[in-house]
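Structure, as C-alpha cells:
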Amino acid sequence: MLPRIDHLELVAPLYQKFAQKLQLQPFKGDVNCQYSARLAVATDNSIYQQLPQLVLHPKSKADIQLITVLANEDNFNEIKFSARGGGTGTNGQSLTPGIVVDLSKYMNKILEINVEENWVKVEAGVIKDQLNDYLRPHGFFFSPDLSTSNRATIGGMINTDASGQGSLVYGKTSNHVLALESVLANGEQLSTSPMDIEAAEELAKQENTYGNIVKQVLNSCRENRSLILKKFPRLNRFLTGYDLENVFNDDLSQLDLSRLITGSEGSLAFVCEAKLNLTPILKAKTLINIKYDSFDSALRHSPALVSAKATSVETIDSKVLNLAKQDIVWNSVSDLITDVTDKVMDGINIVEYNGTSIEALAEQVAQLTQRLDKDIKNNAGVIGYQVTTDLASINKLYAMRKKAVGLLGNTKGTQKPLAFAEDTAVPPENLADYIVEFRELLDSYGLDYGMFGHVDAGVLHVRPALDMCDTEQEKLLREISDKVVALTAKYGGLMWGEHGKGYRSEYSPAFFGEQLFTELRKIKTAFDPLNKMNPGKICTPIDSNESLVSVDDTKRGFYDRQIPVQVKDSFKSALECNGNGLCFNYDADSPMCPSSKITRDRRHSPKGRAGLMREWLRLLEQKGVDVLSLEQNIQGWSVKRLLEQSIHKIRNKFSIENKEDFSHEVMDAMSGCLACKACASQCPIKVDVPDFRSRFVNLYHTRYFRPLKDHLVANVEILAPLMAKAPKLVNRVIESKLYDKLSSATIGYVNTPLLSVPTLNENINNGIKQGKYDSFDLTTLQQLSDQERLKYLLIVQDPFTSFYDAKTVETMMELAYKLGFKPVLLPFKPNGKAQHVKGFLARFAKTSQNTANFLNELHQLNIPMVGVDGSLVLCYRDEYKQVLKENRGEFEVLLAHEWLIKHVNEKPTPFKDIQKINYKLFAHCTEKTMLPNSEKQWSAIFKQFGLSLDIVPVGCCGMAGTYGHEKANFENSKGLFELSWQPKVNSLNEEQILVTGFSCRSQVKRLGNIETKHPIAALLANL
Ligand SMILES: Cc1cc2nc3c(=O)[nH]c(=O)nc-3n(C[C@H](O)[C@H](O)[C@H](O)COP(=O)(O)OP(=O)(O)OC[C@H]3O[C@@H](n4cnc5c(N)ncnc54)[C@H](O)[C@@H]3O)c2cc1C
Ligand code: SF4
Ligand code: SF4
C-alpha cells in the first residue's frame, strides 16, 4: 500500500503569519501555501530549483500595494519577494526562497489603446502573443520578439529587457517602454516616464523615496557617464542590471527611470502596468531560407546577409534541424526547407525582408538571390535556397525556429542540453571566429550541443548537454561557465546576451568593475534598502551583507538524483520535462493543455504535473518505498486481499493525519487533466501526462477508495451494452430531471447522454437483410479469396459511437457500401481507454490484451479495419503499446480518413450532384495532435469528392470522454467550450459543421444545442 507522504518543507512561521495577516486585509487575490503550489513555481527553464514559502496571485495594483505595505511592517522586515510572469526565465530569475508574486494569473488585462498616438497600456501579466493578437486588427504590433512569445509576459519581458528575432530593426523591449506604473518594496507607487532634467533635479531635492531615487540616479549616472560609456559594450543587446547609460537621452536633457527598471530582473520594483509604443505591421514579408554545407559556412555568410539590408538573419545548425525533423513541427515546414539533391544540409540561415508590398521588396530579394546563385556555382558553402512570401508559411517557419530550444531538450540519454551559457552575444563581425573557439572549448570536454540564434545581432544559443544528477558534471558546468565568461569578454561580448543574469549575477562585480558595481548597489539601496525585491539577483544594497546567488547554488539535479535510476527511467517523461513552459500556451485555438488554460494554475499544466510527480517519486524514495515493486504488487487480486485493502482504506479515509498527505495534492492536479494527450505530442520533450497520471491514480487508490463515478466510467463498456438491451426504458429514466439530480448528488455525474434508438444492431441487421452488409462470421471471412478480401472492410466498434451515436457507425458502413465495399460490423470488444484514464491499470492490461488478441486474429485476414472515434482508435496505437509492449501484436485499426485517403487515391468514385455547402472541419484534439496530417487529409478527401472543406482551428471542446460529464469538471468544461469552440460554432450554419470526435459532438449538442455530424456523413450525403 502507498504510504502517507508528509509535507517536508513547511512554510516558515514568519511567512505563515504574513499569509494569515494578508488574508485579513481586503486582498482580492489568491494566497497559496500548499506545497504543490510552491513546487509549481520552484523551477523555471533553468537548471535551478528553489522552493518559495508562499505563492500570491494578486488581482490588481492595489493588491500588490497591500502585500508590500504589510511586508513593510517592522516584524516583516525579513520577508522577501520575487515577481513572476510566465516563469520562462532560463537563469532562475524568478526563483526565490521568499514569496513568489505571480502576476500572470489575473493581472493580464489590456487597459487602453490609442492608435492616433501609437500606444497601448497593459497590465504586466499580459502575454506577448495575447497583446499582438489584440493589436493585429488595429494594424500594429508590439515588436520586440522572443521565442517564448506564447507564454512570456510583458512584465517578464520588461524585467529581462527581452528581444529576439528582428532586433536589429525592432530593438529591445526597453526601446518600446513609454511609461511604467510600479510598486516599490515599501508599498509606495512609482510612476515613471521620461522627464526633463530640470524637473528631475527639482524632484531630487525632495526628502522622500522618489526624491532619493532620482537623486541617486542623477549622481550615479551623470558623474560616471564616461566610465559607463566605456564599460557598457556597444552591442545590440542589453546586459541586465541597471541601464546606467540609457537612463539619460543622448544630450542628457531627459531622465527616464523606466530604463532602469527595464532589465532589472524584478530587483527594484513590481511592474504593474506598462504603456508601450506600437509598431505598424508591414504588410509584406519575404523569407529566404539559405542552405549550407556546414554551420561554419552559414555563420561566415551572415555578415554579407546583414549588409544586404535584411530585416533579420536567423541561423540554425544541423543538430537542431535534425531534431525538428523528428518533431510534429516539421510537418508544417517540410515543404519550405527541402533537402538538396546529393548534398548534405548542415546549417541554414533564415533571411527576412519586410516592407509595404512584395513588389517593393522584389529588388532587394532579387539582388540577394543572384548573389546566392553565384555562391552556389562557386561552391562557397551555399548549397541552395528557397524563397517564400506566403505569410502563413513564414509564421510556420518561425514557429519551428521558436521551438528550437525545446527541441534540443529532446535528446536521448541522461545528458541533457542545459541553459547556462546559452545566450552569449559578441559583435556580429566576431561571431564566426568566436564560435570556432567556443566549439573548441566544448569539444575539449567532449560535450554534445546544438546551436542556433540571431546571427545579425551576434547572439548564439548553445545548450551543452550535461547530466546534473552527476556531481562531477555539475562541477564541469561551473568550469565551463567561467571559461565562457572569459571567452565572450575576449571577443568584446557578454555571456548574458539575451536572457538575463539570474544565478549568473555572481559575475556582475567583475563585469561592471568595482566602481560601477558600487553605483548599481547604491541605486538598489535607493529603491529597495532592505533587499526585499528578488534578493541575490543583480546586486545587493550597499550596506547589505547578504550575498548574490551563484552558479553553484542548488540545482534541480540535486533533487532528481535522489530518485533511483530505474524509477527515473520508468517515469521518464516526468523527469525529462525541462520547464521551457511551452505547455502554458495561451492560444485558445491550440490544443496544448486545456486544463492549464482554463485554470491558469501552473499545477494544472504538464509542467506542473511533471514537477509534482518528480517530487512525489523523490519523497517515496525517501520513505524507502520501491514504487516499481508497489505497482507490480497491485496486479494480484484475491477476496482476502480485497477485504484487507478495504479495511485499510476505511481507516485511511477517516484518520485525521491522512488529510495532510501530499498525495492528495498530486491527485488534485492529476484529476484536472482531461487526458487529451496534447502534451504527449505538442510538448517538445513529449511529456506524456496521461501515461504517468494513470500510474499515479492506480497507486493512489491502493491507499484511498476510488469514487463511485470512477467505477462507473471504467465499467462503461460493460454497462453500455447491457443498457442497450432496453434503450427506450433506460433513456426514459436518464431523461428525467430526478435522475440527473440524483446522479449529480450521488455519483457526481451530470448530463448523462441518451442511448441510441434504434440501436446499432437493429440498424445493421436491417442492412444485412437488405444485402448491403455482411454479418460477421470469422470462418466465412477466412474462406474468402485474396481478391474478394479487397472488397471487404471490417468496422471496429467503440463504446461511445456504437451505443450513443449509432448513426455515425452506420454511416461508415453505408459509406463503405456506397463506395463499393462489403462492410462487416465486428462484434463489440471493450477498448479499455476509460479504464486507463481512471487508472485501473491491471484491468486495462487485461482488457487490452483480450481485444488485441481478437484484433490480431482478424489482422491475419488482411482486410482493413476501421474505427470511427479518434481517441479510441488511437488508444490501440498508444496506450496498448505502452502497456502490452511486444504482446500488442501487429494489428492495425485505421481511422475513417486514413482508410478513405487510400481508397480515394486508388479509385475515384462517381458522385451525384454536389450540394453546395462550404463545410468546416472541427477536428478532435487527440486526432490532430497524434496524426498531424489528419486535417490536411480530410481536406484532400473532400476535394476528391468535389466538396469544399475548411479547417477550423480550435482548441479542446472541454468534453474529453467523460471529463465534461463529471460534476466537478462541469464549469471548466463549459469554460473551455466557450473559449474556442462556441464562437466558431455560433458563426456557422449547422449543416456546415463537421466534427470528428464523439466527445466534441456531444459537447456541441449539450452546450451549443446543435446536432453536428462526422465528416463521413457529409461524404455520404453527397454520394
Ligand atoms: C525556450 C526559451 C526561449 C527563449 N527565448 C528568448 C528570446 O528569444 N529572447 C529573450 O529575450 N528571452 C528568451 N527567453 C527567456 C525568457 O523567455 C524571457 O526572459 C522572458 O522575457 C521572461 O518572461 P516571463 O514572463 O516568463 O518572466 P519570468 O521568467 O516569470 O520572470 C523573469 C524576470 O522578470 C521578473 N518579473 C516578471 N514579471 C515582473 C513584474 N511584473 N514586475 C517585476 N519583475 C517582474 C522576475 O522577477 C524575473 O526576474 C527564452 C526562454 C526559453 C525557455
Ligand atoms: S511539459 Fe513539455 S512543454 Fe511543458 S515545460 Fe515541460 S518540457 Fe516544456
Ligand atoms: S493530457 Fe491534456 S489536459 Fe492533461 S496535461 Fe496533457 S495537455 Fe494537459
Side-chain angles (χ1 to χ4, degrees), residues 41 44-46 64 81-96 100-104 107 123-125 127-128 144-149 151-165 167 172-173 182-183 240 261 264-272 274 402-406 409-410 419 422-423 454 459 461 498-500 502 533-534 537 573 576-585 591-596 604-611 670 672-680 682-690 693 925 929 956 960 963:
V41 292
D44 55 0
N45 185 227
S46 70
I64 296 189
F81 302 107
S82 174
R84 186 166 168 122
T88 63
T90 53
N91 297 290
Q93 287 97 326
S94 62
L95 308 185
T96 177
V100 166
V101 181
D102 179 351
L103 285 85
S104 69
M107 291 184 62
E123 286 187 309
I127 291 169
K128 146 94 175 162
D145 197 20
L146 77 177
S147 299
T148 45
S149 59
R151 60 241 194 231
T153 61
I154 298 299
M157 287 183 76
I158 289 171
N159 276 277
T160 54
D161 198 5
S163 61
Q165 186 247 326
S167 64
K172 308 178 286 278
T173 300
S182 308
V183 171
T240 72
I261 296 171
S264 66
E265 300 192 356
S267 68
L268 295 182
F270 287 103
V271 173
C272 299
K402 284 185 173 184
K403 211 174 177 185
V405 177
N410 196 19
E422 63 151 11
D423 54 336
H454 322 287
V459 176
H461 297 308
E498 190 172 273
H499 298 168
M533 298 298 299
N534 215 358
K537 314 285 165 56
S573 68
E576 291 195 347
C577 163
N578 69 9
N580 68 72
L582 191 77
C583 50
F584 302 155
N585 189 346
M592 187 48 128
C593 203
S595 61
S596 168
H604 287 268
S605 67
K607 176 180 171 178
R609 293 183 177 117
M670 298 300 174
C673 168
L674 288 87
C676 68
K677 284 256 171 194
C679 46
Q682 301 271 301
C683 154
I685 315 296
K686 319 279 179 274
V687 167
D688 184 348
V689 175
R693 169 189 181 270
C925 25
T929 53
C956 173
Y963 169 92

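Whatever order the structure lists them in is the order used to number ligands and atoms, beginning at 1.
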Check your understanding: Where is the nearest protein heavy atom to atom 4 (Fe) of ligand 3: which residue, which atom, and how far?
Key -> Cys673 SG, 2.4 Å

Review point. What's the spacing between Ser264 OG and Asp161 CG if we round to 0.5 Å?
Key: 10.0 Å

Review point. Does ligand 1 have a heavy atom under 4.0 Å from the side chain of Thr160, from its backbone, from both, or from neither?
Key: side chain

Revision key, fill the gap. Atom 8 (Fe) of ligand 3 has as its nearest protein heavy atom Cys593 SG, 2.4 Å

Review point. Is ligand 1 under 4.0 Å from a heavy atom in the side chain of Val271, in the backbone, in both, or in neither?
Key: both

Study note, to complete from the structure: Ranked by distance from atom 48 (C) of ligand 1, the top protein heavy atom is Gln93 CB, 3.5 Å

Check your understanding: Among protein heavy atoms, which sits nearest to atom 50 (C) of ligand 1, and what does the distance come to when rounded to 0.1 Å?
Key -> Thr148 CG2, 3.8 Å

Practice item. State whether the shortest distance between N or O atoms of Gly89 and N or O atoms of ligand 1 falls below 3.5 angstrom. Key: yes

**Study point:** Top protein contact for atom 31 (O) of ligand 1, by heavy-atom distance
**Key:** Ser94 CB, 4.0 Å

Practice item. Spell out the protein N/O/S atoms under 2.8 Å from atom 2 (Fe) of ligand 2 as residue plus atom name. Key: Cys683 SG

Exercise for review: Quick one: list whatever passes ring-ring contact (aromatic ring centres under 6.0 Å, His included) with Phe584, sequence neighbours left out.
Suggested key: none

Practice item. Under 4.0 Å from a heavy atom of Ala675: give me the atoms of ligand 3 that qualify, with their elements. Key: 1 (S), 4 (Fe)

**Study point:** Location of contacts on Ser605 toward ligand 3, heavy atoms closer than 4.0 Å
**Key:** neither

Check your understanding: With a 4.0 Å heavy-atom cut-off (strictly under), which part of Thr90 contacts ligand 1: side chain, backbone, both or neither?
Key -> side chain

Practice item. With heavy atoms only and a cut-off of under 4.0 Å, state how Ala269 meets ligand 1: side chain, backbone, both or neither. Key: backbone

Practice item. Using distance alone, decide if ligand 1 has a nitrogen or oxygen within less than 3.5 Å of any nitrogen or oxygen in His454. Key: no

Point to revise | Donor on one side chain, acceptor on other, Ser104 and Arg151, under 3.5 Å | key: no

Review point. Aromatic rings Phe270 and Phe81: how do their planes relate, parallel, tilted or perpendicular, breaks at 30° and 60°?
Key: perpendicular

Exercise for review: Would you kindly specify which portion of Gln682 sits under 4.0 Å from ligand 3, judged on non-hydrogen atoms: side chain, backbone, both or neither?
Suggested key: neither

Point to revise | Shortest protein heavy-atom distance from atom 44 (N) of ligand 1, along with the residue and atom involved | key: Asn159 ND2, 3.0 Å

Check your understanding: Any N or O on Arg151 sitting closer than 3.5 Å to an N or O of ligand 1?
Key -> no

**Study point:** Partner residues of Asp44 under the salt bridge (charged side-chain N to carboxylate O under 4.0 Å, His left out) criterion, sequence neighbours left out
**Key:** none

Exercise for review: Can you sort out which atoms of ligand 3 are near Ser595, meaning under 4.0 Å from one of its heavy atoms?
Suggested key: 3 (S), 8 (Fe)

Point to revise | salt bridge (charged side-chain N to carboxylate O under 4.0 Å, His left out) against Glu422, all qualifying residues, sequence neighbours excluded | key: Arg463

Exercise for review: Tell me which protein heavy atom sits closest to atom 28 (P) of ligand 1, plus the residue, atom name and distance to 0.1 Å.
Suggested key: Gly87 N, 3.6 Å

Revision key, fill the gap. So for Asn534 against ligand 1, with non-hydrogen atoms under 4.0 Å, the contacting part is side chain

Review point. Have His454 and Glu498 got a donor and an acceptor in their side chains that come within less than 3.5 Å?
Key: yes

Point to revise | Atom of Gly125, atom of Thr153 and distance for their closest heavy-atom approach | key: O-CG2, 3.5 Å

Revision key, fill the gap. heavy-atom search around atom 22 (C) of ligand 1 in the protein gives Thr88 OG1, 3.3 Å

Exercise for review: Heavy-atom contacts with Arg609 under 4.0 Å: which atoms of ligand 3 show up? List them by number with element.
Suggested key: 4 (Fe), 5 (S), 8 (Fe)

Point to revise | Heavy atom of Pro144, distance to ligand 1 below 4.0 Å | key: no

Review point. Could an N or O of ligand 1 be found under 3.5 Å from any N or O of Asn45, whether backbone or side chain?
Key: no

Point to revise | Protein contact of atom 9 (N) of ligand 1 - nearest heavy atom, named by residue and atom, plus distance | key: Ser163 O, 2.7 Å

Check your understanding: Is atom 2 (Fe) of ligand 3 under 2.8 Å from any N, O or S atom of Cys956?
Key -> no

Review point. So is Gly500 close enough to ligand 1, meaning a heavy atom under 4.0 angstrom away?
Key: no

Practice item. Give the contacting part of Ala83 toward ligand 1: side chain, backbone, both or neither, where contact means a heavy-atom distance below 4.0 Å. Key: both

**Study point:** Closest protein heavy atom to atom 5 (S) of ligand 2, given as residue, atom name and distance to 0.1 Å
**Key:** Gly581 N, 3.1 Å

**Study point:** Atom indices of ligand 2, in the order listed, that fall short of 4.0 Å to a heavy atom of Gly579
**Key:** 5 (S), 6 (Fe)

**Study point:** Top protein contact for atom 3 (S) of ligand 3, by heavy-atom distance
**Key:** Leu674 N, 3.3 Å

Exercise for review: Considering heavy atoms of the protein only, find what lies nearest to atom 20 (C) of ligand 1 and give residue, atom and distance to 0.1 Å.
Suggested key: Leu146 CD1, 3.6 Å

Exercise for review: Could you find the nearest protein heavy atom to atom 2 (Fe) of ligand 3 and give me its residue, atom name and distance?
Suggested key: Cys676 SG, 2.3 Å

Check your understanding: Is the closest heavy atom of Asp44 to ligand 1 under 4.0 Å?
Key -> no

